[in-house]
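Ligands are counted one by one from 1 in listed order, and the atoms in each one are counted from 1 as well. Counting from 1, the numbers follow the sequence of the chain as shown. Below, all heavy atoms of this structure are taken into account, side chains as well, without hydrogens, waters or symmetry copies. Given the structure is predicted, the values throughout are model-derived calculations rather than measurements.
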Amino acid sequence: MKAQVITRFGDPEVFEYGEVDSPAAGPGQVLVRVAVAAVNPLDAKIRAGALASMFPIDFPAVLGNEIAGVVEAVGDGVSDLSVGERVAGFAPSGGYAELVVTTPDRLVRVPDALPLTQAATLPTAAETAQRALALLDVRSGETVVVNAAAGSVGSAAVQLLVAAGARVIGTASGTNHGYLRSLGATPVRYGEHLLADLDQVAPDGVDAAFDAGGRGFAEQMLPLVDPSRIVTIVDFAAAAQGVRIAAGDPFEVNARSLPAVLDLAAAGRFATEIAAVLPFDGIAEAHRRSERGHLRGKLLVRVADIPGAHA
Ligand SMILES: NC(=O)c1ccc[n+]([C@@H]2O[C@H](COP(=O)([O-])OP(=O)(O)OC[C@H]3O[C@@H](n4cnc5c(N)ncnc54)[C@H](OP(=O)(O)O)[C@@H]3O)[C@@H](O)[C@H]2O)c1
(Lines give C-alpha, C1' and ligand atoms only; values in the text may rest on other atoms or scores of the structure.)
Protein backbone atom coordinates (compact mmCIF):
# COMPACT_ATOMS: atom_id res chain seq x y z
CA MET A 1 0.00 0.00 0.00
CA LYS A 2 0.97 3.64 -0.30
CA ALA A 3 1.75 5.58 2.88
CA GLN A 4 3.47 8.72 4.08
CA VAL A 5 6.40 7.48 6.14
CA ILE A 6 9.02 9.15 8.32
CA THR A 7 12.37 7.55 9.10
CA ARG A 8 13.55 10.28 11.49
CA PHE A 9 12.21 13.28 13.41
CA GLY A 10 12.44 16.59 11.60
CA ASP A 11 10.68 19.32 9.65
CA PRO A 12 7.70 18.64 7.34
CA GLU A 13 10.06 17.62 4.50
CA VAL A 14 10.87 14.34 6.31
CA PHE A 15 7.77 12.67 4.86
CA GLU A 16 8.46 10.07 2.17
CA TYR A 17 5.54 8.97 0.02
CA GLY A 18 5.97 5.35 -1.00
CA GLU A 19 5.13 1.66 -0.75
CA VAL A 20 5.03 -0.15 2.59
CA ASP A 21 3.70 -3.57 3.58
CA SER A 22 -0.07 -3.69 3.94
CA PRO A 23 -1.31 -4.50 7.45
CA ALA A 24 -3.85 -7.27 8.16
CA ALA A 25 -6.64 -7.46 10.71
CA GLY A 26 -5.70 -9.75 13.60
CA PRO A 27 -8.20 -11.16 16.09
CA GLY A 28 -10.46 -8.40 17.42
CA GLN A 29 -9.18 -5.91 14.85
CA VAL A 30 -10.63 -4.09 11.86
CA LEU A 31 -8.84 -3.21 8.63
CA VAL A 32 -10.07 0.08 7.13
CA ARG A 33 -9.43 1.38 3.62
CA VAL A 34 -8.81 5.08 4.21
CA ALA A 35 -10.57 7.70 2.09
CA VAL A 36 -9.59 10.74 4.13
CA ALA A 37 -7.03 11.30 6.90
CA ALA A 38 -7.09 14.27 9.25
CA VAL A 39 -4.00 16.21 10.31
CA ASN A 40 -3.92 17.25 13.97
CA PRO A 41 -1.49 19.57 15.81
CA LEU A 42 -0.28 16.52 17.75
CA ASP A 43 0.95 14.89 14.51
CA ALA A 44 3.32 17.78 13.86
CA LYS A 45 4.58 17.75 17.45
CA ILE A 46 5.33 14.01 17.14
CA ARG A 47 6.95 14.45 13.70
CA ALA A 48 9.23 17.17 15.07
CA GLY A 49 10.33 14.92 17.95
CA ALA A 50 8.95 17.31 20.57
CA LEU A 51 7.03 14.50 22.31
CA ALA A 52 9.51 11.65 21.89
CA SER A 53 9.52 10.82 25.60
CA MET A 54 5.71 10.83 25.84
CA PHE A 55 4.99 9.03 22.54
CA PRO A 56 8.06 6.97 21.61
CA ILE A 57 7.92 5.68 18.03
CA ASP A 58 9.83 3.07 16.05
CA PHE A 59 11.08 4.13 12.62
CA PRO A 60 9.98 3.84 9.90
CA ALA A 61 6.71 5.26 11.24
CA VAL A 62 3.35 6.24 9.79
CA LEU A 63 1.84 9.20 11.65
CA GLY A 64 -1.79 10.35 11.91
CA ASN A 65 -4.50 8.91 14.12
CA GLU A 66 -7.80 10.10 12.63
CA ILE A 67 -9.43 8.70 9.51
CA ALA A 68 -12.64 8.02 7.63
CA GLY A 69 -13.03 5.18 5.16
CA VAL A 70 -14.60 1.81 4.49
CA VAL A 71 -14.18 -1.48 6.36
CA GLU A 72 -11.97 -3.71 4.21
CA ALA A 73 -11.78 -6.77 6.49
CA VAL A 74 -12.55 -7.81 10.06
CA GLY A 75 -10.52 -10.15 12.26
CA ASP A 76 -11.79 -13.12 14.24
CA GLY A 77 -14.24 -12.15 16.96
CA VAL A 78 -15.40 -8.88 15.40
CA SER A 79 -19.15 -9.03 14.97
CA ASP A 80 -20.26 -5.41 15.32
CA LEU A 81 -18.78 -4.13 12.03
CA SER A 82 -18.95 -5.61 8.54
CA VAL A 83 -16.96 -5.34 5.34
CA GLY A 84 -18.13 -2.38 3.24
CA GLU A 85 -19.42 -0.23 6.12
CA ARG A 86 -18.42 3.43 6.16
CA VAL A 87 -16.59 4.31 9.37
CA ALA A 88 -14.61 7.09 11.01
CA GLY A 89 -12.41 7.12 14.08
CA PHE A 90 -8.96 6.60 15.50
CA ALA A 91 -6.17 4.58 13.86
CA PRO A 92 -3.13 4.14 16.08
CA SER A 93 -1.39 2.14 13.33
CA GLY A 94 -0.99 5.46 11.47
CA GLY A 95 -3.67 7.28 9.50
CA TYR A 96 -1.51 8.60 6.65
CA ALA A 97 -1.86 5.29 4.82
CA GLU A 98 -4.17 3.56 2.37
CA LEU A 99 -4.99 0.87 4.96
CA VAL A 100 -5.08 1.07 8.76
CA VAL A 101 -5.61 -1.52 11.46
CA THR A 102 -7.64 -0.48 14.46
CA THR A 103 -10.22 -1.85 16.90
CA PRO A 104 -14.02 -1.64 16.75
CA ASP A 105 -14.25 0.54 19.87
CA ARG A 106 -12.17 3.21 18.10
CA LEU A 107 -14.60 3.38 15.16
CA VAL A 108 -18.03 4.86 14.64
CA ARG A 109 -20.38 4.07 11.74
CA VAL A 110 -20.88 7.07 9.46
CA PRO A 111 -24.54 7.88 8.73
CA ASP A 112 -25.44 7.61 5.01
CA ALA A 113 -26.13 11.36 4.76
CA LEU A 114 -22.68 12.37 6.03
CA PRO A 115 -19.79 12.53 3.52
CA LEU A 116 -16.58 10.85 4.69
CA THR A 117 -14.74 14.18 4.40
CA GLN A 118 -17.09 15.64 7.03
CA ALA A 119 -16.91 12.51 9.18
CA ALA A 120 -13.09 12.65 9.25
CA THR A 121 -13.21 16.10 10.87
CA LEU A 122 -15.14 14.93 13.91
CA PRO A 123 -13.55 12.16 16.03
CA THR A 124 -10.70 14.06 17.73
CA ALA A 125 -12.55 17.37 17.96
CA ALA A 126 -15.74 15.92 19.39
CA GLU A 127 -14.13 13.30 21.66
CA THR A 128 -11.73 15.86 23.14
CA ALA A 129 -14.38 18.55 23.62
CA GLN A 130 -16.80 16.09 25.23
CA ARG A 131 -14.12 14.66 27.54
CA ALA A 132 -12.95 18.12 28.63
CA LEU A 133 -16.43 19.59 29.07
CA ALA A 134 -17.45 16.63 31.23
CA LEU A 135 -14.90 17.96 33.76
CA LEU A 136 -16.42 21.46 33.61
CA ASP A 137 -20.01 20.31 34.18
CA VAL A 138 -21.52 23.51 32.72
CA ARG A 139 -25.14 24.25 33.58
CA SER A 140 -27.66 26.00 31.35
CA GLY A 141 -27.41 29.78 31.71
CA GLU A 142 -23.77 29.80 32.80
CA THR A 143 -21.22 31.97 30.98
CA VAL A 144 -18.20 30.05 29.63
CA VAL A 145 -15.07 31.36 27.88
CA VAL A 146 -13.56 29.05 25.24
CA ASN A 147 -9.96 29.78 24.21
CA ALA A 148 -8.99 29.03 20.57
CA ALA A 149 -12.69 28.76 19.83
CA ALA A 150 -12.33 28.69 16.02
CA GLY A 151 -10.00 25.68 16.04
CA SER A 152 -11.30 22.18 15.61
CA VAL A 153 -11.57 21.31 19.31
CA GLY A 154 -12.63 24.82 20.35
CA SER A 155 -15.42 25.05 17.77
CA ALA A 156 -16.72 21.63 18.82
CA ALA A 157 -16.78 22.83 22.44
CA VAL A 158 -18.61 26.02 21.45
CA GLN A 159 -21.33 24.04 19.67
CA LEU A 160 -21.77 21.57 22.54
CA LEU A 161 -21.93 24.41 25.09
CA VAL A 162 -24.42 26.46 23.04
CA ALA A 163 -26.59 23.34 22.66
CA ALA A 164 -26.45 22.87 26.45
CA GLY A 165 -27.83 26.37 26.99
CA ALA A 166 -24.63 28.12 28.07
CA ARG A 167 -23.69 31.65 27.10
CA VAL A 168 -20.42 31.16 25.22
CA ILE A 169 -17.63 33.68 24.72
CA GLY A 170 -14.93 32.52 22.32
CA THR A 171 -11.40 33.82 21.71
CA ALA A 172 -10.14 34.05 18.13
CA SER A 173 -8.28 36.35 15.79
CA GLY A 174 -10.45 38.95 14.09
CA THR A 175 -10.88 36.97 10.86
CA ASN A 176 -12.74 34.29 12.82
CA HIS A 177 -15.10 36.53 14.79
CA GLY A 178 -17.90 36.25 12.22
CA TYR A 179 -17.51 32.47 12.27
CA LEU A 180 -17.83 32.40 16.08
CA ARG A 181 -20.99 34.52 15.88
CA SER A 182 -22.42 32.03 13.36
CA LEU A 183 -21.91 29.29 15.99
CA GLY A 184 -23.79 31.32 18.60
CA ALA A 185 -20.75 32.59 20.54
CA THR A 186 -19.68 36.12 21.41
CA PRO A 187 -16.17 36.66 19.98
CA VAL A 188 -13.32 38.32 21.88
CA ARG A 189 -9.61 38.67 21.14
CA TYR A 190 -7.05 36.47 22.85
CA GLY A 191 -3.73 37.54 24.41
CA GLU A 192 -3.21 41.03 25.79
CA HIS A 193 -6.70 42.18 24.72
CA LEU A 194 -8.61 39.37 26.38
CA LEU A 195 -9.35 40.83 29.80
CA ALA A 196 -10.45 44.22 28.43
CA ASP A 197 -12.72 42.49 25.90
CA LEU A 198 -14.21 40.29 28.62
CA ASP A 199 -14.92 43.38 30.73
CA GLN A 200 -16.98 44.71 27.81
CA VAL A 201 -18.97 41.58 26.94
CA ALA A 202 -19.30 39.98 30.40
CA PRO A 203 -19.26 42.77 33.00
CA ASP A 204 -20.95 40.43 35.53
CA GLY A 205 -18.14 37.86 35.24
CA VAL A 206 -17.78 34.36 33.86
CA ASP A 207 -18.50 30.98 35.46
CA ALA A 208 -16.10 28.63 33.68
CA ALA A 209 -13.35 28.48 31.10
CA PHE A 210 -12.15 25.90 28.57
CA ASP A 211 -8.62 26.29 27.22
CA ALA A 212 -7.82 24.77 23.82
CA GLY A 213 -5.15 27.35 23.00
CA GLY A 214 -2.78 27.74 25.96
CA ARG A 215 -0.33 30.66 25.81
CA GLY A 216 -1.15 31.89 29.31
CA PHE A 217 -4.95 31.79 28.99
CA ALA A 218 -5.51 29.65 32.12
CA GLU A 219 -3.41 32.05 34.18
CA GLN A 220 -5.37 35.02 32.80
CA MET A 221 -8.59 33.35 33.94
CA LEU A 222 -7.43 32.66 37.51
CA PRO A 223 -8.57 36.01 39.00
CA LEU A 224 -11.99 35.57 37.31
CA VAL A 225 -12.85 31.89 37.71
CA ASP A 226 -12.30 29.30 40.44
CA PRO A 227 -9.46 27.05 39.16
CA SER A 228 -11.64 23.97 39.56
CA ARG A 229 -13.82 25.44 36.80
CA ILE A 230 -10.96 26.00 34.37
CA VAL A 231 -10.09 23.02 32.15
CA THR A 232 -7.15 22.97 29.75
CA ILE A 233 -6.15 20.44 27.10
CA VAL A 234 -2.78 22.09 26.37
CA ASP A 235 -1.34 23.94 29.37
CA PHE A 236 -0.44 21.07 31.66
CA ALA A 237 1.75 23.30 33.88
CA ALA A 238 -1.42 25.12 34.99
CA ALA A 239 -2.24 22.09 37.16
CA ALA A 240 0.08 23.67 39.76
CA GLN A 241 -2.55 26.42 40.18
CA GLY A 242 -5.41 23.94 40.58
CA VAL A 243 -6.52 24.16 36.93
CA ARG A 244 -8.00 20.88 35.70
CA ILE A 245 -6.19 18.98 32.97
CA ALA A 246 -7.95 16.90 30.32
CA ALA A 247 -4.88 15.06 29.01
CA GLY A 248 -6.21 12.02 27.17
CA ASP A 249 -3.87 9.57 25.42
CA PRO A 250 -4.86 9.97 21.75
CA PHE A 251 -3.77 6.41 21.03
CA GLU A 252 -6.01 5.01 23.77
CA VAL A 253 -9.18 7.07 23.28
CA ASN A 254 -12.30 5.35 22.03
CA ALA A 255 -15.21 6.39 19.85
CA ARG A 256 -18.01 5.60 22.32
CA SER A 257 -19.17 9.21 22.63
CA LEU A 258 -19.21 9.84 18.88
CA PRO A 259 -22.40 8.31 17.40
CA ALA A 260 -24.62 11.11 18.76
CA VAL A 261 -22.34 13.79 17.31
CA LEU A 262 -22.21 12.11 13.90
CA ASP A 263 -26.02 11.90 13.90
CA LEU A 264 -26.19 15.63 14.68
CA ALA A 265 -23.67 16.31 11.90
CA ALA A 266 -25.68 14.23 9.43
CA ALA A 267 -28.74 16.34 10.37
CA GLY A 268 -26.78 19.56 9.75
CA ARG A 269 -26.77 20.54 13.44
CA PHE A 270 -23.06 20.10 14.21
CA ALA A 271 -19.99 20.64 12.06
CA THR A 272 -16.27 21.06 12.18
CA GLU A 273 -15.13 23.38 9.41
CA ILE A 274 -12.87 21.89 6.77
CA ALA A 275 -9.81 24.15 6.67
CA ALA A 276 -8.60 22.47 3.45
CA VAL A 277 -8.55 19.11 1.68
CA LEU A 278 -5.07 18.47 0.27
CA PRO A 279 -3.87 15.61 -1.94
CA PHE A 280 -2.17 12.67 -0.23
CA ASP A 281 1.23 13.79 -1.46
CA GLY A 282 0.59 17.22 0.11
CA ILE A 283 1.13 16.03 3.67
CA ALA A 284 4.20 18.23 4.21
CA GLU A 285 2.16 21.29 3.23
CA ALA A 286 -0.61 20.17 5.59
CA HIS A 287 1.89 20.03 8.44
CA ARG A 288 3.27 23.46 7.57
CA ARG A 289 -0.26 24.94 7.66
CA SER A 290 -1.09 23.18 10.93
CA GLU A 291 2.09 24.50 12.53
CA ARG A 292 1.25 28.09 11.58
CA GLY A 293 -1.53 27.68 14.15
CA HIS A 294 -4.38 29.71 12.70
CA LEU A 295 -6.69 27.11 11.20
CA ARG A 296 -10.44 27.43 11.16
CA GLY A 297 -11.37 23.78 11.54
CA LYS A 298 -9.66 20.63 10.33
CA LEU A 299 -7.00 19.99 7.70
CA LEU A 300 -7.62 16.83 5.67
CA VAL A 301 -5.68 14.83 3.12
CA ARG A 302 -7.55 12.79 0.51
CA VAL A 303 -5.89 9.39 0.60
CA ALA A 304 -7.96 7.54 -2.00
CA ASP A 305 -11.21 7.70 -3.91
CA ILE A 306 -13.27 4.70 -2.85
CA PRO A 307 -15.97 3.98 -5.45
CA GLY A 308 -19.49 4.37 -4.02
CA ALA A 309 -18.26 5.55 -0.60
CA HIS A 310 -19.85 9.05 -0.64
CA ALA A 311 -16.60 10.74 0.17
N1 LIG B 1 -5.26 16.95 25.59
C2 LIG B 1 -5.95 16.42 24.60
O3 LIG B 1 -6.61 15.39 24.76
C4 LIG B 1 -5.93 17.10 23.25
C5 LIG B 1 -6.73 16.59 22.21
C6 LIG B 1 -6.76 17.26 20.98
C7 LIG B 1 -6.00 18.42 20.80
N8 LIG B 1 -5.19 18.86 21.81
C9 LIG B 1 -4.39 20.09 21.63
O10 LIG B 1 -5.30 21.18 21.64
C11 LIG B 1 -4.81 22.23 20.84
C12 LIG B 1 -5.89 22.67 19.86
O13 LIG B 1 -6.13 21.64 18.92
P14 LIG B 1 -7.01 21.94 17.62
O15 LIG B 1 -7.05 20.68 16.84
O16 LIG B 1 -8.29 22.60 17.99
O17 LIG B 1 -6.06 23.01 16.88
P18 LIG B 1 -6.36 23.83 15.55
O19 LIG B 1 -7.60 23.34 14.90
O20 LIG B 1 -5.10 23.85 14.78
O21 LIG B 1 -6.69 25.30 16.07
C22 LIG B 1 -5.73 26.11 16.65
C23 LIG B 1 -6.42 27.41 17.03
O24 LIG B 1 -5.53 28.15 17.90
C25 LIG B 1 -5.91 29.51 17.80
N26 LIG B 1 -4.81 30.37 18.25
C27 LIG B 1 -3.70 30.77 17.56
N28 LIG B 1 -2.96 31.57 18.35
C29 LIG B 1 -3.61 31.69 19.55
C30 LIG B 1 -3.33 32.37 20.77
N31 LIG B 1 -2.23 33.11 20.93
N32 LIG B 1 -4.22 32.24 21.79
C33 LIG B 1 -5.34 31.49 21.65
N34 LIG B 1 -5.66 30.82 20.52
C35 LIG B 1 -4.79 30.91 19.48
C36 LIG B 1 -6.21 29.72 16.33
O37 LIG B 1 -7.22 30.71 16.25
P38 LIG B 1 -7.14 31.94 15.20
O39 LIG B 1 -6.99 31.30 13.84
O40 LIG B 1 -8.45 32.62 15.38
O41 LIG B 1 -5.92 32.74 15.56
C42 LIG B 1 -6.72 28.32 15.86
O43 LIG B 1 -8.11 28.34 15.61
C44 LIG B 1 -3.53 21.69 20.18
O45 LIG B 1 -2.41 22.15 20.92
C46 LIG B 1 -3.66 20.19 20.30
O47 LIG B 1 -2.41 19.51 20.29
C48 LIG B 1 -5.16 18.24 23.03
Side-chain angles (χ1 to χ4, degrees), residues 37-48 50-51 54-55 63-66 90 95 120-136 145-160 169-183 185 187-195 197-198 209-221 231-239 243-255 257-258 271-276 286-300:
V39 174
N40 282 289
L42 178 71
D43 305 350
K45 295 174 198 172
I46 292 176
R47 186 215 72 232
L51 302 177
M54 212 182 304
F55 302 115
L63 304 184
N65 183 36
E66 186 173 35
F90 306 106
T121 67
L122 297 172
T124 300
E127 189 281 334
T128 306
Q130 287 173 315
R131 178 163 42 78
L133 294 181
L135 295 178
L136 268 191
V145 187
V146 176
N147 188 36
S152 61
V153 178
S155 62
V158 168
Q159 292 170 80
L160 295 170
I169 299 168
T171 80
S173 53
T175 50
N176 285 324
H177 283 195
Y179 169 57
L180 292 190
R181 279 190 204 96
S182 78
L183 297 180
V188 293
R189 295 169 292 177
Y190 47 64
E192 58 180 349
H193 305 290
L194 174 62
L195 295 180
D197 284 8
L198 282 179
F210 171 54
D211 177 23
R215 300 161 174 103
F217 170 82
E219 200 170 350
Q220 286 179 298
M221 289 296 102
V231 169
T232 181
I233 58 168
V234 284
D235 183 2
F236 296 170
V243 169
R244 305 187 72 183
I245 309 297
D249 182 336
F251 302 106
E252 295 299 331
V253 293
N254 63 61
S257 66
L258 296 181
T272 302
E273 291 278 299
I274 296 174
H287 273 232
R288 280 190 287 270
R289 290 192 199 183
S290 176
E291 285 176 319
R292 273 180 226 133
H294 293 285
L295 295 174
R296 180 192 298 174
K298 188 75 80 176
L299 269 176
L300 303 174

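- Of the polar atoms of K45, at least one N or O is found under 3.5 Å from an N or O of ligand 1, judged by distance alone.
- Distance alone, capped at 3.5 Å, places no donor-acceptor pair between the R47 side chain and the L63 backbone.
- Ligand 1 lies nowhere less than 4.0 angstrom from a heavy atom belonging to R296.
- Distances between N or O atoms of T171 and those of ligand 1 include no value under 3.5 Å.
- Considering backbone and side-chain N/O of F236, none are found under 3.5 Å from N/O of ligand 1.
- Taking all atoms of both residues into account, the shortest heavy-atom contact from A212 to V234 is C-CG2, 4.1 Å.
- Residue-to-ligand polar distances place S152 within reach of ligand 1: an N/O pair is separated by less than 3.5 Å.
- With hydrogens left out, the protein atom closest to atom 21 (O) of ligand 1 is G151 CA, 3.3 Å, a heavy atom.
- Among the atoms of A247, some N or O lies under 3.5 angstrom from an N or O of ligand 1.
- Atoms of ligand 1 lying under 4.0 Å from at least one heavy atom of A150, given by number and element, are 43 (O).
- Annotation: side chain of Q220 is not in contact with side chain of D211 (no heavy-atom distance under 4.5 Å).
- V243 is not listed as a side-chain neighbour of E219, based on a closest heavy-atom distance of 4.5 Å or more.
- In this structure, atom 8 (N) of ligand 1 lies nearest to the protein heavy atom I233 CD1, 3.7 Å.
- Of the protein's non-hydrogen atoms, T128 OG1, 3.5 Å is the one closest to atom 6 (C) of ligand 1.
- A donor-acceptor contact shorter than 3.5 Å is absent between the side chain of E252 and the backbone of G248.
- Minimum heavy-atom separation, N176 to R296: OD1-NE, 2.7 Å.
- Scanning the protein for heavy atoms near atom 9 (C) of ligand 1, the closest one is V234 CG1, 3.5 Å.
- Scanning all protein heavy atoms for the shortest distance to atom 27 (C) of ligand 1 gives G293 O, 3.1 Å.
- Taking 4.5 Å as the limit, some side-chain heavy atom of E273 sits within range of a side-chain heavy atom of Y179.
- Residue contact check for ligand 1: A212 places a non-hydrogen atom closer than 4.0 Å to it.
- The shortest N/O to N/O separation between N40 and ligand 1 does not fall below 3.5 Å.
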Where do M221 and L194 land on the side-chain contact (heavy atoms from CB on, under 4.5 Å) test, with the steps shown first?
CA-CA 10 Å; M221 289 296 102; L194 174 62; 3.7 Å; yes
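- Counting heavy atoms from C-beta outward, P123 and L258 have side chains that approach closer than 4.5 Å.
- Residue contact check: R131 has heavy atoms under 4.0 Å from atoms 3 (O) of ligand 1.
- Contact annotation: for N147 versus ligand 1, heavy atoms closer than 4.0 Å belong to the side chain alone.
- For T128 (side chain) and A125 (main-chain N/O), no donor-acceptor pair under 3.5 Å exists by modelled atom type.
- Of all the heavy atoms of V153, the ones lying under 4.0 Å from any atom of ligand 1 are found in both the backbone and the side chain.
- Ligand 1 places these atoms under 4.0 Å from at least one heavy atom of G297: 19 (O).
- Proximity annotation for atom 23 (C) of ligand 1: of A148, S290, A172, A148 comes nearest, heavy atoms only.
- Summarising the geometry of L295 relative to S290, their closest heavy-atom pair is CD1-CA, 3.9 Å, with the distance given to 0.1 Å.
- N147 pairs with exactly one of T171, V188, I233, T232 by the side-chain contact (heavy atoms from CB on, under 4.5 Å) rule, that one being T171.
- For atom 31 (N) of ligand 1, the closest non-hydrogen atom on the protein side is R215 CD, 2.8 Å.
- Where the criterion is an N or O separation shorter than 3.5 Å, residue side chain and backbone included, Y190 meets it with respect to ligand 1.
- The two residues G170 and L180 make their nearest non-hydrogen contact at O-CD1, 3.5 Å.
- In this pair, F55 and F251 present their aromatic rings perpendicular. The plane angle is above 60°, beyond the 30 to 60° band.
- For G213, no nitrogen or oxygen atom sits less than 3.5 Å from a nitrogen or oxygen atom of ligand 1, counting backbone and side chain alike.
- Contact annotation: for H294 versus ligand 1, heavy atoms closer than 4.0 Å belong to both the backbone and the side chain.
- Looking at T121, T124, N40, T272 one by one, the single match for side-chain hydrogen bond (donor to acceptor under 3.5 Å, both in side chains) with K298 turns out to be N40.
- Heavy-atom proximity to atom 13 (O) of ligand 1, evaluated over A246, G216, S173, P41, is greatest for P41.
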Before giving the answer on side-chain contact (heavy atoms from CB on, under 4.5 Å), spell out for V153 and F210 the whole-Å C-alpha distance, their side-chain angles and the decisive distance to 0.1 Å.
CA-CA 10 Å; V153 178; F210 171 54; 3.9 Å; yes
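- Scanning the protein heavy atoms around atom 43 (O) of ligand 1, the nearest turns out to be L295 O, 2.8 Å.
- Counting heavy atoms under 4.0 Å from ligand 1, residue A125 does not touch it at all.
- Not a single heavy atom of S155 sits under 4.0 Å from any atom of ligand 1.
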